[in-house]
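Since the structure comes first, as structure tokens, the remarks are kept for the end.
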Amino acid sequence: MTAPAAAGALAHVCMRATGLDLSHDKPSARMRYDEGTGIILFTEGQQVQAYSTSPSATTQQPLWVASPGEGDPIASLSVSLDGAILAVQRGTAFLQFVHLKSSKLFVQGPKSRTRILSFFWCPSEGCDFVMATGQGLELYQRLPQGQGLRYKGSRKHPTTWCTYSHESRIVLLATGQGGLWLQAYQVTNDAVLKLPPFQLGPSASQQASPKSGPSQRVSPQDIRILTIYCRIYCAHIDHPHKRLVLYRFFKDAVVLQHTYEIYSRSIELSVHDNVLLVHHLDSSTVLLLDVRARTNGPIVGPLPLAIALENQDDQSVPASIHASMREDHLEREGRVEVASSSSAAASTSGSISTASGGPDHLDSCHWSFQPPNLILDTQACKVWRCEVDIAAVGRTCTDWPLLLAILQRRHPLLHPTCDIKALLLAIVKGALLEQLNMCTVKQIFDACALGYAEACAAPPSPHQGIIPSSPESRGRALRLAAPALAPQEVELKVLRWLHEEEATGVQYLEAAIAQYLASCSWQGIAVPAGLRLLSIDVALLRGHKHQVVSSLHQQGGGWDSGALAAHLERLARKGELAEAWQLALDMYARLGMHDKHCQMLLAKGKVVQALRCAQEHQVQTIAPDSFLVKGAETGDVQVFSAIYRVCQQAAQPRIEPYNTCKQRFEKVLQSAAAKA
Amino acid sequence: MAREQPPKPVQLCVFDTEHDYPEGEEAQRILAYYPPDACSVDDQTSVIGLAQALLTFNANFEGEATCDSMHAQRHVWAFHRPQTHIMMLAVIDQGWLPSTTSDDGLRAVLRQAYAQFVLIHGPLHASLATDGQTKASLQTILTETAARLLRAKSADLLTLASPLSMVGGVPWLPLDNHVFTAVHSLASQLTVTDMGGGQMVQGVMLLHGHHCLWSSQCQQDTVSLYRLAATALVPASQGPSIGKRLATATSALRSQQAEPTYPVMSYKAWVRSPDNFLSMRPPAGSTETDQLLVPTLHLQGDEEQLALLGYCQGNALLILLLSQRGMVSSTTQHAVARLAHGPLRRISQATAEQLTAHGHGHVPGFRYLFVDHMLTAVQASPQSKVATLSPESLELMTSAQAELQSMGSSQGSNREVVVRGTHDCWVVARHRNQRELYIVMEGKGEVGLAGAAELATDFADKHFAALF
């Protein structure tokens with residue numbers, strides 16, 4: 001048992017500093033994150049400074065500084081996607097636009113002359129900028145010189161509030177007093193698509209919940225738009241019912257797909273490597289959810305967030321963070337799953353070794369969670385990314401089939417310190433070494449096969465659902481590189497290894513191979529011939545000869561391969577399976593490997609059949625002498641002569657005249673005749 | 001002795017050829033005789049005396065006392081020697097026997113009866129030495145075998161009479177890979193799971209209807225076990241028809257008598273529980289229990305004695321050979337059901353779909369029989385389709401079969417017979433490497449000898465690739 005060793009060692013999610021640390025420069029600045037461009041904006045008085053969050057940007061110098069003139073305090077900001085124009089909102093009537101290069105200014109109000117609820121830049125052709133008002137969306141395009149916006153149309157929809165996700169290009173409009181009726185639009189490259197409207201609560205779900213009626217109010221703080229596995233979800237944090245509900249967007253429907261329990265009064269959501277992180281701010285713990293897991297529960301028990309300390313970083317922790325672990329408290333509640341020895345054995349590679357306790361009071365108002373996985377410390381002016389420590393998850397998770405499935409869906413590049421494939425192999429091997437229940441083994445193999453099939457398959461077609469329009473290329477690449485165990489690896493590194501080491505009972509191994517073959521077949525994965533060979537060998541070890549023969553008969557050629565035929569030939573030679581002669585002959589014949597077939601017949605002394613086969617299929621690789629020797633060994637001059645005639649007609653160059661040939665084989669003929 | 005009853009057309013007996021019994025005590029030679037009551041001991045000894053004389057006479061030529069069959073004016077005599085010093089004999093009325101019946105078929109009936117005996121009671125010589133009930137058990141087997149033949153619309157007799165039937169072999173069903181792997185997975189999963197209280201599954205057989213999908217047993221046991229399953233468990237798993245159920249209910253009401261006990265190889269001895277288990281009908285008057293009574297089988301030449309439990313889903317029948325004999329506890333039942341319920345249902349569905357997709361093995365225009373002696377596997381046209389053949393075609397098929405078999409191995413391992421009847425019917429019979437293929441093509445009289453052979457070759461290439 002590996003109980004949490006040192007404080008800070010055990011955490012599934014850690015915060016990694018991005019390198020942007022302006023805690024000394026900006027004591028009083030207002031910190032904002034611009035999702036479209038990935039820029040951090042500081043407003044101090046009437047001055048705006050922009051800093052990049054990309055890991056490559058190491059300088060602490062601002063990208064640019066802008067001063068959008070005098071006026072009311074800045075309420076909201078947005079940078080155009082090409083980084084040329086800054087949109088500034090001070091009131092609700094109009095917006096200021098600043099050219100960052102020339103500092104030229106222009107002003108634009110909504111055409112409907114109503115309150116501006118929200119605004120954002122988007123990359124659609126013919127629509128660069130969208131303003132959301134109480135009457136819906138107004139679409140604008142930048143003028144060629146950039147000296148203004150041209151009105152391009154509107155999408156009328158009574159709106160109470162509005163939220164936009166740049167990652168999925170979804171803008172969500174809430175209608176009605178409670179804001180329970182939602183209408184989503186997706187800004188694609190060439191159009192603004194209207195998606196089906198839906199209602200939060202029981203009408204969109206299958207399970208009716210009596211309390212969520214019109215009395216409930218939904219605010220934009222309760223709604224997040226998430227992109228997980230290239231699927232777009234609307235996440236509703238339903239505080240009254242203590243649950244997190246995910247509605248998935250399809251082109252023609254919005255479907256309630258997942259309901260998760262939550263345990264905190266305030267939660268925040270992040271997504272890293274398609275794992276949904278639910279930050280429970282009350283207890284400063286994080287729950288890990290995988291929307292594709294077969295269970296509706298968390299992957300592992302909740303643990304606090306840790307801070308990844310990197311050597312090159314200064315190790316100082318912001319003053320506002322009290323690094324203290326809450327394990328005692330959690331263990332009392334029984335929510336910490338302590339890793340079992342077996343699962344500890346399964347994890348081979350190290351995790352992020354230097355982690356310290358995470359921030360204790362994330363629910364302080366100065367922490368701001370930004371999509372997909374940024375955490376802004378607006379007080380200390382620091383930017384963090386939260387990351388899943390997949391090796392730690394591997395150590396803690398005790399449900400091996402679930403763990404295997406989850407690990408397979410992770411992208412190796414996002415977990416550079418963890419060898420996911422080695423972890424997968426260790427799980428499979430460990431499960432078999434421990435001789436786990438065959439049902440569990442079946443689940444593990446099913447997950448293996450599913451993962452491999454998905455890794456091989458093409459990305460999902462756009463008809464199945466909405467795919468994010470811009471970062472889809474990244475999502476696709478992630479999926480293709482997903483770590484999965486190929487049948488060859490399972491065969492060589494697990495099953496054959498177990499067989500050679502005699503690490504499990506033969507009976508158990510036979511069952512395990514059968515389960516794996518069934519899992520592969522279920523997913524339509526082609527199985528390497530070596531696995532069938534192994535399966536046959538193990539069955540023979542158990543003494544199930546008839547089972548092997550009948551299986552090959554039932555397959556009727558479905559398993560045919562040169563390797564298997566050669567293996568059967570070997571088995572027949574060794575005398576381990578008498579029927580293997582005929583089975584190998586049949587298989588060679590079906591495969592069209594006539595030279596092998598012919599050689600086997602010759603070896604068996606069936607020279608006439610062999611010659612007939614050679615003649616029929618134009619086998620050239622066998623020398624006439626091989627036939628003649630075997631013919632002479634029959635001791636039958638007639639047979640010998642017949643063989644000579646056939647060989648004489650077919651062989652190139654011509655063989656010697658009959659009499660010399662016969663003389664050459666006279667001794668063999670006579671001794672064989674004498675024996676007969 | 002004159003009797004009112006007409007003589008039975010079927011007589012079966014087992015007798016001892018080892019000991020010489022003094023005159024007047026020949027009846028001791030008889031181990032079992034059917035019909036037991038219809039003919040006197042004198043009649044029985046006279047039949048056996050003649051058989052014994054035939055064997056002795058034949059020994060002058062063959063070097064050993066053996067005989068396959070003899071055709072007398074009114075009866076066919078078929079012999080089978082299951083083990084040294086034991087002889088089985090069937091004397092069948094020629095007027096009653098369909099003309100297409102082969103002597104080999106009759107011998108196969110004897111062979112199967114003996115195999116059933118060994119499966120249920122162990123080898124005869126061992127059993128005779130130890131068990132006083134052996135003669136009675138042997139008698140039961142003969143009675144059951146004869147009863148099956150003499151029954152009205154007897155399926156056994158139909159099979160015996162049809163030269164294209166699958167008698168004696170195991171109809172292995174070629175399976176699509178995904179079904180096969182599912183079957184393999186289920187079978188192996190069962191054998192590695194503790195079924196509660198140390199109960200282990202030592203062997204698994206899986207059937208779908210009359211098709212065999214899986215067997216973990218050796219060839220001989222597979223054949224015997226399949227036969228037992230096909231005659232007893234499969235009919236029992238399908239349950240009685242409504243008419244029969246009504247009849248039993250009313251008769252049970254009418255007479256409050258206890259039901260007679262049936263032998264293991266009779267489907268009436270088996271009962272399907274509400275949880276889909278097949279077990280022996282508990283003896284009348286026994287107390288209610290949730291345990292299941294199961295018979296013990298003697299396998300691997302009596303080296304293994306295992307209990308037989310059936311479990312069915314849809315048309316699929318799972319046969320489990322359990323290590324602990326006697327009663328099967330409810331724990332074991334739950335364990336089996338938990339493991340097998342879902343997979344077996346899916347296998348049943350998938351197999352049914354596959355059978356439908358392949359027309360249950362029917363190839364229009366052809367009636368065929370494939371026999372693999374290496375595997376004792378058979379594959380044939382559906383018997384409903386074979387039934388449409390004219391009697392002349394069946395006769396032709398019977399003679400072609402006899403011809404092919406009489407050619408022996410003198411012609412090398414490849415033999416072929418192609419014959420045409422007077423009624424536009426071709427029969428092609430081929431033998432290659434321990435495998436036989438018989439094809440009957442009606443209404444193809446015009447194709448000629450070469451055409452018929454070519455049709456047969458195309459058929460074989462398509463359905464039995466590279467085997468013929």
Side-chain angles (χ1 to χ4, degrees), chain A residues 435 437-439 441-442 445 504-524 526-527 535 538-539 542-547 549-560 578-579 581-583 585-592 597 601 606 608-609 612, chain B residues 170 172-194 200-205 211-223 300 338-339 343 346 370 372-377 379 412-414 432-435 461 463-468:
Chain A
Q435 309 226 353
N437 187 320
M438 232 352 112
C439 294
V441 172
K442 186 170 159 51
F445 281 147
T504 56
V506 185
Q507 199 168 353
Y508 187 82
L509 184 61
E510 188 191 15
I513 295 172
Q515 298 308 326
Y516 186 63
L517 287 172
S519 300
C520 284
S521 167
W522 173 58
Q523 291 293 342
V527 165
S535 162
V538 173
R542 289 253 290 135
H544 290 169
K545 291 184 183 180
H546 186 60
Q547 180 185 309
V549 179
S550 58
S551 304
L552 285 163
H553 170 76
Q554 274 178 298
Q555 283 304 311
W559 288 359
D560 285 0
E579 292 91 341
W581 271 112
Q582 195 55 52
L583 294 172
L585 277 174
D586 296 343
M587 205 172 279
Y588 280 137
R590 279 194 300 260
L591 289 165
H597 184 112
L601 285 171
K606 300 197 169 178
V608 178
Q609 276 191 44
R612 200 178 289 154
Chain B
V170 179
W172 286 100
L173 183 67
L175 287 176
D176 293 345
N177 193 40
H178 70 279
V179 190
F180 178 80
T181 50
V183 170
H184 187 186
S185 150
L186 171 64
S188 61
Q189 200 172 350
L190 285 163
T191 53
V192 292
T193 311
D194 186 345
M200 293 299 291
V201 175
Q202 302 279 359
V204 178
M205 193 177 208
H211 295 284
C212 188
L213 308 187
W214 181 263
S215 167
S216 63
Q217 298 310 108
C218 73
Q219 186 165 349
Q220 202 183 348
D221 288 346
T222 300
V223 173
Q300 302 239 359
R338 198 174 52 240
L339 262 183
R346 285 192 289 277
F370 166 77
D372 186 335
H373 291 292
M374 185 172 85
L375 198 66
T376 36
Q379 201 173 324
S413 58
N414 296 352
R432 294 267 146 86
N433 306 318
Q434 306 182 60
R435 296 183 182 108
D461 284 349
H463 299 281
F464 302 96
L467 297 187
F468 293 93

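Model, not experiment: these values are computed from the prediction. Letters A, B, ... are given to chains in the order of the sequence lines, protein chains preceding strands, and every chain is numbered from 1.
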Quick one: sort the Phe370(B) and Phe468(B) rings into parallel, tilted or perpendicular, breaks at 30° and 60°.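 Perpendicular.
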
Taking the inter-plane angle between the rings of Trp559(A) and Phe180(B) on a 0 to 90° scale, is it parallel (under 30°), tilted (30 to 60°) or perpendicular (over 60°)?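 Rings of Trp559(A) and Phe180(B): perpendicular, as their planes differ by over 60°.
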
With a 4.5 Å heavy-atom cut-off, do Tyr508(A) and Val441(A) have their side chains touching?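 They are in side-chain contact.
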
Taking side chain as C-beta onward, heavy atoms only, is Leu517(A) less than 4.5 Å from Ser185(B)? no

Considering only heavy atoms and a distance below 4.5 Å, find which of [options] pairs most often with chain A.
options: Ala187(B), Ser188(B), Cys218(B), Ala182(B); answer: Ser188(B)
options: Thr181(B), Leu186(B), Leu175(B); answer: Thr181(B)
options: Thr193(B), Thr222(B), Asp372(B); answer: Thr222(B)

Would you give the length of the straight line joining atom [atom1] of [X] to atom [atom2] of [Y], rounded to the nearest 0.5 angstrom?
X: Leu173(B); Y: Gln379(B); atom1: CG; atom2: CD; value: 7.5 Å
X: Gln217(B); Y: His544(A); atom1: CD; atom2: NE2; value: 7.0 Å
X: Leu591(A); Y: Asp586(A); atom1: CG; atom2: CG; value: 10.5 Å

Interface moiety of [X] toward chain B, non-hydrogen atoms closer than 4.5 Å:
X: Cys520(A); result: neither
X: Gln435(A); result: neither
X: Ser551(A); result: both

Please confirm whether the backbone N or O of Cys439(A) pairs with a side-chain atom of Asn437(A), one donor and one acceptor, at under 3.5 Å?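 It does hold such a pair.
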
Under a 4.5 Å heavy-atom cutoff, which of [options] has the most pairs with chain B?
options: Glu510(A), Gln582(A), Arg590(A); answer: Gln582(A)
options: Gln507(A), Met587(A), Glu579(A), Gln515(A); answer: Gln515(A)
options: His553(A), Lys545(A), Lys442(A); answer: His553(A)
options: Ser521(A), Gly558(A), Gly524(A); answer: Ser521(A)

Using heavy-atom distances under 4.5 Å, tell me whether [X] contacts chain A through its side chain, its backbone, both, or neither.
X: Ser216(B); result: both
X: Leu339(B); result: side chain
X: Ala465(B); result: both
X: Asp221(B); result: neither

Examine the side chains of Gln219(B) and Thr376(B) and answer whether a donor and an acceptor come within less than 3.5 Å of each other. yes

